[in-house]
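In this text, all values refer to a predicted model and were calculated from it rather than measured experimentally. Proteins get letters first, then strands, A, B, ... in listed order; numbering begins at 1 in each. Heavy-atom basis, side chains included; hydrogens, waters and symmetry copies ignored.
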Amino acid sequence: MIAGIDIGSGFIKTVILDDAAGRDAAVLGRGQVRTGVDLEKAARQALALALDEAALPASAIAYVATTGFGRYSLGFRDIQITEITSGARGVRFLYPGADAILDIGGQSTRAISLNPAGKVAHFKTNDKCAAGSGSFIVRAAKYLQIPLEQAGDLALQALKPQPISSICAVLAESEIINHVSAGTSVEDILCGIYESLADRSSLLLKRVGMRRDLVFIGGVARQQGMVRALEQRLGVRVDVPPHAEFVCALGAALLGLQRRRAAAGASMSLGGSCIAAE
Amino acid sequence: MRSLSPRLLDIPRCVELIQDLNFAEVARWKAEHPGGKAIAYFPVYAPVEIIHACGMLPVGLNGAGDRLDIQHADARFGSFICSIIKTTLEMAITGRLDWMDGMFFSTICDSARNLCFVSKRNFPEKYWDFIHLPQNAGSPAAVDFLEQEYRRILLQLESLAGRKADDDALRGAIRLYNHNRELLRDLYALRERHPERLRTWELYSLLRAGCFLPVETHNAGLEAALAELRAGAAKPRDSIRILIEGSFCEQPPLDLIRLIEEAGCYIVDDDFILGRRWFTQDVPSEGDPIRALAESYLNRSVYSSVRHDPRHPRPRALVEKARSRRADAVLFLIAKFCEPAYFDYVLFKQAVEAAGIPHLLLEFEEKAFTFERSRTEVETFVESLLFD
Amino acid sequence: MRFAAGVDVGSTQTKAVIAADDRSLRIVGRALVDTGANVQKAAENGFLAACREARIAPREVGFVVGTGYGRYRIAFGNAQMTEISCHARGAHFTFPSTRTVIDMGGQDAKAISVSPAGEVRDFVMNDKCAAGTGRFLANAADVLGITLDEIGPLSLQGRFPVKLTTVCTVFVESDILSYLAQGKKPEDILGGVHLAIARRTVSLARRVSLAPEITLTGGVARNLGMVRALEQVLGATLQVSPEAHFTGAIGAALFALEKLDRSFESSVWSAESRL
Amino acid sequence: MADTAKSEYRGEIHSRQKELMSAWYQRLDEAARTGAPATVELMISGNCVELLEAFDAVPLYPEINALQLAIRHQSLEPILLAEELGYAADNCAYVKADIGALLKGISPAAGKLPKPSLVLCNFVGCNTYIKWFEHAAVFQGSPLYMLDVPFLRADSPSREDVTYVVRQLREVVKMLEAITGRKFDYGRFRHAVECSRRVEDAWSRIKLLAQRRPSPFDAYFDAITLMGPLYVYRASPAGVEFFDIALRELEARAARGEGVYDQEKFRVVLEGPPPYPYFRAFRDMFAKWRACPVASTYSTVGGLWEFGFRHDAEDPFEAVALHMLEHNLTNRNFLQRYAQLRRYVEDWNAHGLIIHFVKSCRLFSAGQGDMRDYFTRVLGVPTLYIESDLEDPRYFAEAQTKNRMDAFFEALEHAGAHRGLPLAVSGPAGPHANPNLKVIP
Ligand SMILES: Nc1ncnc2c1ncn2[C@@H]1O[C@H](COP(=O)(O)OP(=O)(O)O)[C@@H](O)[C@H]1O
Ligand SMILES: Nc1ncnc2c1ncn2[C@@H]1O[C@H](COP(=O)(O)OP(=O)(O)O)[C@@H](O)[C@H]1O
Ligand code: SF4
Ligand code: SF4
Ligand code: SF4
């Protein structure tokens, strides 16, 4: 079995992939825990959850591929891959003809375009600023005193969306509060937030040369309001895979599988670059 | 760390020179040459031969990297201005350039030009000058103009030095720098052929150390380094061959260069410290030396984002370079807010895409000290070329 | 005796002050309330609380000047002035020899250069990004699970301040978490946090010439750690009044008194406030 | 806002300006449709429109197109398109708007814009010009001539500088002869230069009118109205006629004692271009305080004449060269800009200086922090520093800008700046005539 572990800034996501079944890979289990201070410990917890779901013992794991900002922090990894490569790989597995990807996590926004062969053609990530990423919504939900899980669906009920002009995840707070005190509904505020986030994302997507439709992954993809805002802003179809937040972990596992097979097949190891660190 | 030649110029020593914000080497030169003047120049190019012929030490300033906390310069240059402008000014304000007797700027960008005059106001006791390098290389009038411009500068330097520089002194300087550039060309060729033998951050250190050393010393060090490297051997790594474009002025932090290599890249050509490697052929050391320098600037220069030459479009030159170095990809390594590099990126990008060469744009600031984002971007890029 | 009020409706907290004038100027009442969602209400509550402290009835107040980001929302105010003018005025009142005022509030930081007469000569502000503001400190406190009152003193115990990789108020959370994971002590982390903000603030403030004497105002002035960090980076001592948090409101109250005094010429803003 | 309506002067100037500018766009449209007249893409800075006039060629100024797009709130779309092509967020947005509009076929006028017969880059100071015109030539497939104008590194240009420019101007003449198929008409060139001289005379006198109190002329916002004809028609009889009318109208206004604000309260000098996407909102911020811009550096980008320079028909090539080398804002060095501003504050009796930092333009903005230091700390001039952009609407924060403007004028008001100011004399005043200006040792 292959484990793909995505160590994100907010959550650690793990996927267990079956490597036995010929060419096709199947996901046997998933696990997610909040990223704590001790990355290794949290990663083990996430792995344990996934193993539980797969009803497998830890010894069943033959290969571990890590990704995400903490990819270097696990001592027990076999390979580490960036979240962009693994996200692209995961999407290509789920949507073989995919053209462009948007991945919005807790602190990051990534736009990726794929070439016809499904490889990463271009990508852009947000700068040293949390504007436009998932934490913006987490904060907004907090100010609005609604559970995060409901934010996406509430936004769908908006009648008159109120745009947010501040790009700063922190300063937007006073704007949101102003809207509240002016009597704007929570739905309209949320919808406005999604619209401005979609605006920002569309800029990134344009810069990587998005052409057709979009696959949207990462934790924020679970929020329907954001999906709709993107569809409206971009005028394209937006696909969200089930378990959108696990796509990077899946991609990492797939790449791990590929490497393991290659290593088993050939005596010489291929690729290797960053992996075979000195 | 490998040591190249313990006595002359080993890599750790070079790194130390680059990072020395006290410019001890320059101070030492001044102590050894009482009354001698040190003339700094801002990137990209300056006619160092003329400075040398006047018995002065040319010092190439390329910012201060992350070793300087910017406290004053932000107030003078504000937002949306590249780091090197601020680190240069910060060094001056905090007294780190007190050794300097004068400084040259030239036609590279608007920020640098304004810095020349802001510096002049703040430090009126020093000699500041702006060299107008012609941008109409196709016109015969340009050579004549540049020759006159160089003569103007020569006069200024001579009066600062209190002595004349005759043609022989100029020719001698030309020969010394010709040799320096030849050695650097050899080192670059060696790295291109055997990137496993000479890492780019090492080559870079050797190159940049020359900015602070008398050319004679640098030549001797490079000769020794070259001899040693030619004899050496190393195990090839599994890396892609990339070419770096866009770092002609502000320099990326050494750690970033290292990181790029560690992420799985062989850098097979670059435009670091481009001014020291400006000429593609030797400057003629016969005839009128000033005319030779002017004429070489217009007819024997490398292509560069800060020099317009209608006869040789830069995008084409970049593609030719990538082909001749057998580069798998181009890494546009651009200083944040560097306007000439940003503009050229647009046409470069079109050209490399038309030529089917993969490329990545990576921005940096010389004052940065963490590179998480850059690491992710370079690794992804390498992965996209390696995995299928 | 005549009374005037200044109400500083900040992004985070609302400060109200009552000034009295009989032969000498005195501050006779002050109040501090959280701004919260209802800006208008906060201003009203602050004003009433300050009247109570001054033991006067609201109608005894002859003139009210509003300031701060919510100044145009004060229903009962007679006029508005920018927080820049008010902080300069208030700081000059407390420390007449002050030449530079650094104000650090909840969502912005500013520096004001003032003339010997207390007039604003030049100013800068940082208000498009929460990096380096009171919010940054509040976030850091949250992540470390301690109160705002504690972070300053704790930061002073740090001997090896960490170097933060970001000044983004959001990202700093993960930065702090990763330092904790590396086993860094909270006091060293806080030391780093305070220094990072101090550097940022000072380099902003240098845009106005930073002539001594320098006064620190705003809510962050209550944070002793920040005062020391700023002093360290500046290489100079700061003047901090116990009323620092109220400086803007004091300035506004002084302007209000002036308006009471002069049968003032109809200036543009007063005309506008009647709209 | 009622105040703005009051501040905006509307006279014959305005209707004539509209006519002239739409005639210009019509000629460009004609060139686009029929291939004639010849058109030359040119930069405003130190432009050599006299040479074009000699060939009956029409100038095409991309800056005018870009600013028109911005004023009409149409700049964002082309900017975004250019960014998709790879232009950076931090590239000059004038270039992005122009290139984006070009590729999208957006024209600021009713008609079309032609593919220029020649892209003539008068490299006068700004290095972005070089890139801009390189790109413009590539994207339009037009020939490019790079007219290299040595930067002003001393007080005035050297003989060699002038010779270099004149030699290149003669190369341009050869190119234009080839392109237009006409022989260069020296007599016509001299006539064009003579027209310029007359326009420059009138324009200078208009600028000097602003020394009066109240100033009959807003040297920033209203100056922009006059700048279109100044650059497009300077070397033609139409330009002479227009500026005669303008001068007459404004002199009459001055004679009646009318000002931009009848109760002018503050007089300010402006440094930096305006935020075109928020032109109106920005103007309102001045109107609110009855603050009149009495002088501005932006209005001297194309040429600086109020200090005496005129094109001289005796030696027309040299005159054009001198104008490009010395008598325009962009080719003058930063310290010369300080001197220019200082002279404005002194001779135009201003209360303060407003520095508008625009993110696009490093030529203008790089180092304005030092400028602020010089004016506040060395000279003691009240100074306001604000940041936004001249073309990209994303960088204008209205509330914050307004807050800063209010604070600045509150401070001036508090200091009593608007009271007790002597009336400005109508001629140029001597040095340090302005009591507001104190040099702090
Ligand atoms: N239950 C949920 N419902 C909706 N959105 C969620 C939920 N949990 C997390 N999110 C969103 O997902 C983001 C985290 O996404 P993720 O891809 O896991 O980020 P990272 O990889 O950076 O840890 C959060 O910031 C939040 O906006
Ligand atoms: N008791 C305290 N100790 C330390 N810091 C405090 C205290 N009270 C308030 N602060 C700081 O002051 C900030 C609010 O400052 P204030 O000047 O009121 O801002 P604003 O005017 O924007 O509302 C808070 O974000 C916090 O960082
Ligand atoms: S704008 Fe807000 S989110 Fe962005 S860096 Fe600043 S504090 Fe962080
Ligand atoms: S890095 Fe670029 S923008 Fe900065 S000074 Fe150098 S050339 Fe100019
Ligand atoms: S940088 Fe400034 S001067 Fe140059 S083209 Fe842009 S706006 Fe014009």
Side-chain angles (χ1 to χ4, degrees), chain C residues 65 67-72 79-89 92 99-100 103 107-108 110-129 203-204 206-211 248 251-252 254-255 258-259 262 264-272 275, chain D residues 1-3 261 263 265-266 284-291 351-355 357 359 368-388 394-397 399-419 438 440:
Chain C
V65 166
T67 186
Y69 104 114
R71 64 183 177 278
Y72 288 108
Q80 293 88 31
M81 293 197 83
T82 61
E83 36 315 4
I84 296 147
S85 303
C86 294
H87 273 276
R89 187 65 198 274
H92 183 258
R99 288 296 166 273
T100 310
D103 166 39
Q107 294 195 352
D108 60 13
K110 45 181 119 36
I112 310 160
S113 150
V114 291
S115 73
E119 298 148 5
V120 175
R121 263 181 197 244
D122 194 6
F123 59 88
V124 275
M125 5 182 5
N126 146 33
D127 54 9
K128 286 176 199 129
C129 166
S203 101
L204 175 83
R206 278 197 208 280
R207 290 168 199 219
V208 307
S209 32
L210 265 188
L254 295 173
F255 280 122
E258 228 168 74
K259 297 294 169 192
R262 277 194 233 143
F264 56 97
E265 59 189 90
S266 95
S267 67
V268 181
W269 46 259
S270 61
E272 200 181 68
L275 293 179
Chain D
M1 222 193 234
D3 268 336
Y261 303 103
Q263 291 162 306
K265 194 161 173 188
F266 300 114
D284 285 347
M285 295 176 195
F286 287 79
K288 173 181 173 188
W289 290 92
R290 299 200 310 274
H351 298 109
L353 169 67
I354 297 182
I355 301 175
F357 173 104
K359 131 182 228 292
Q368 277 174 335
D370 185 71
M371 176 188 286
R372 161 202 219 149
D373 177 75
Y374 173 71
F375 278 91
T376 54
R377 203 172 48 79
V378 181
L379 299 184
V381 176
T383 301
L384 172 70
Y385 182 94
I386 42 178
E387 296 188 2
S388 76
R394 291 171 293 182
Y395 295 95
F396 189 80
Q400 277 125 355
T401 308
K402 190 163 176 284
N403 196 24
R404 284 162 170 74
M405 293 277 277
D406 285 350
F408 178 65
F409 288 116
E410 273 173 15
L412 286 183
E413 179 172 65
H414 188 63
H418 57 295
R419 288 187 294 269
K438 33 192 175 284
I440 298 174

Item to complete: Pick whichever of Ser115(C), Cys86(C), Ser85(C) has the most heavy-atom pairs under 4.5 Å with chain D.
Response: Ser85(C)
Worksheet item: Under a 4.5 Å cut-off applied to non-hydrogen side-chain atoms, are Asn403(D) and Met125(C) in contact?
Response: yes
Worksheet entry | Which portion of Ala407(D) sits near chain C, non-hydrogen atoms under 4.5 angstrom | both
Practice prompt. Report yes if the side chains of Arg377(D) and Asp122(C) come closer than 4.5 Å at any heavy-atom pair, otherwise no.
Written response: no
Worksheet item: Who passes side-chain hydrogen bond (donor to acceptor under 3.5 Å, both in side chains) against Arg207(C), sequence neighbours left out?
Response: none
Worksheet item: With a 4.5 Å heavy-atom cut-off, do His414(D) and Met81(C) have their side chains touching?
Response: no
Worksheet entry | chain D contacts, top residue of Val208(C), Val124(C), Ile112(C) (heavy-atom pairs, under 4.5 Å) | Val124(C)
Practice prompt. Against chain D, label Arg206(C) side chain, backbone, both or neither, depending on which of its atoms sit under 4.5 Å from a heavy atom there.
Written response: neither
Worksheet item: Which pair of heavy atoms, one from Arg404(D) and one from Phe123(C), lies closest together, and at what distance?
Response: O-CZ, 3.3 Å
Discussion item. Which heavy atom of Thr376(D) sits nearest to which heavy atom of Arg121(C), and what is that distance?
Written reply: O-NH1, 4.3 Å
Worksheet item: Side chains of Gln400(D) and Asp108(C): does their closest heavy-atom pair fall under 4.5 Å?
Response: no
